[in-house]
2 protein chains.
Amino acid sequence: MKVSDLPAPLPATIADGVFPAGCPSRTVLDHITSKWGVLILLSLSEGDQRWSELRRRAEGISEKMLAQTLKTLERDGLVRRDAQPVIPPRVDYSLTERGRELSTLLIPLVTWAFDNADAIIGGQN
Amino acid sequence: MKVSDLPAPLPATIADGVFPAGCPSRTVLDHITSKWGVLILLSLSEGDQRWSELRRRAEGISEKMLAQTLKTLERDGLVRRDAQPVIPPRVDYSLTERGRELSTLLIPLVTWAFDNADAIIGGQN
DNA sequence: TAAGGTACTGACATGAAAGTAAGTGACCTC
DNA sequence: GAGGTCACTTACTTTCATGTCAGTACCTTA
């Protein structure tokens, strides 16, 4: 094993503690690691999408959860909502700069989960 | 259903769809993005730790949740449990190779959340 | 005339996740 | 022999995330 294989050290604030309860970072972490949050962010990292596309792509999501998750992500400044006043309605969702930043970190994680899923779940007798 | 049963390999499958409901990768993702799972993995990335140390560092966790989370992570092959038959008992927890791999992906994410938390939460009038 | 697409919202139900609190066993110290 | 330490387990309760379903407003296609 090489030294370079070791994980990068955590910032001292995080390392010691792990980090405080009730800290905003916990809330943010909860949002971005939520069941549907990850999926939405990932889906949008592929490009702008409409409500109905997201609904299809985040397989299994209910309309209520889609609305709720999008609202949270929008409030967090990760997703942009662009409603056009046409009939029938057309609403496009896209990542903000911050959202794109986040998705670049999320992608390796999800890719890893995807690659290791069989070994992890399969290896449990 | 196994991930390896899916038609296309990696980028395409994740990109398109986002990925299937009921897929093992969703389960794995749920484990590693769980509220306490992240904190435990992160804490252990700093080095081996005992039960009581983890309890302190993952601030706010109950004993029940600590036990449950550790069990899940152990089953997933991410955490190693080393119990010494001494009195009083001493149990050391550490990351497996797979766990260390994962933590290298988790750290940038958590660091990002930490760095952006104030801007995200604060920016919501 | 009816059915379907589009992007939602709101009321209600439920089930899983999480918290609370107490108990356990083997020993050691006071 | 009372109380403390350590690493848990178990039973019970509460909270919250999520699901289900119905409704809205307007237009298009069959």
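Treat the numbers as computed from the prediction; the structure is a model and nothing was measured. Letters go in sequence order (proteins before strands), and every chain restarts at 1.
Atom-to-atom, CG of L66(A) to C1' of dA17(D) comes out at 16 Å; the value is rounded to the nearest Å. The distance from atom CD of E53(B) to atom P of dC8(D) is 13 Å, rounded to the nearest whole Å. As rounded to whole Å, 14 Å separates atom C1' of dT6(C) from atom CG of L54(A). What separates CD of Q84(B) from C1' of dT5(D) is a distance of 16 Å, to the nearest Å. In this structure, R90(A) atom CZ and dC8(C) atom C1' are separated by 16 Å, rounded to whole Å. When the P atom of dA18(C) is taken as reference, atom CZ of R26(A) falls 12 Å away, rounded to whole Å. If you take CH2 of W51(B) and P of dT5(D), they are 17 Å apart, rounded to a whole angstrom. Residue I87(B) contributes atom CD1, which lies 12 Å from atom P of dG25(C) at whole-angstrom precision.
Partners of S52(B) under the side-chain hydrogen bond (donor to acceptor under 3.5 Å, both in side chains) rule, at least two apart in sequence or in another chain, do not exist in this structure. With sequence neighbours excluded, no residue satisfies side-chain hydrogen bond (donor to acceptor under 3.5 Å, both in side chains) with R50(A). The side-chain hydrogen bond (donor to acceptor under 3.5 Å, both in side chains) check on E63(B) picks up R55(B), with sequence neighbours excluded. When the side-chain hydrogen bond (donor to acceptor under 3.5 Å, both in side chains) test is applied to D82(B), no partner is found at least two apart in sequence or on another chain.
A donor atom on one side chain and an acceptor atom on the other are found under 3.5 Å apart for S43(B) and R57(B).
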Are any protein N/O atoms closer than 3.5 Å to N/O atoms in nucleotides 19-24 of chain D? If there are, list each pair with its distance.
from    : atom 1 : to     : atom 2 : distance (Å)
dG19(D) : N7     : K64(A) : NZ     : 3.3
dG19(D) : O6     : K64(A) : NZ     : 2.5

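OP1 or OP2 of dA7(D) has at least one side-chain nitrogen or oxygen of S52(B) nearer than 4.0 Å. Taking 4.0 angstrom as the limit, R55(A) places none of its side-chain polar atoms (N or O) nearer than this to OP1 or OP2 of dA7(C). Side-chain nitrogen and oxygen atoms of K71(A) include at least one within less than 4.0 Å of the OP1 or OP2 phosphate oxygen of dT9(C).
At a threshold of 4.0 Å, the pair R98(B)-E101(B) does not count as salt-bridged, since none of the basic side-chain nitrogens sits closer than that to a carboxylate oxygen.
When the nearest nucleotides of DNA chain D are assigned to P88(A) and S34(A) by heavy-atom distance, the more 5′-ward of the two goes with S34(A).
Residue pairs meeting the side-chain hydrogen bond (donor to acceptor under 3.5 Å, both in side chains) criterion with at least one member in residues 29-41 of chain B, sequence neighbours excluded, are H31(B)-D76(B).
Considering only the side chain of R81(A), dA7(C) comes nearest among dA7(C), dC27(C), dT9(C). Checking dT9(C), dA26(C), dA7(D) against every side-chain atom of A67(A), the shortest atom distance belongs to dT9(C).
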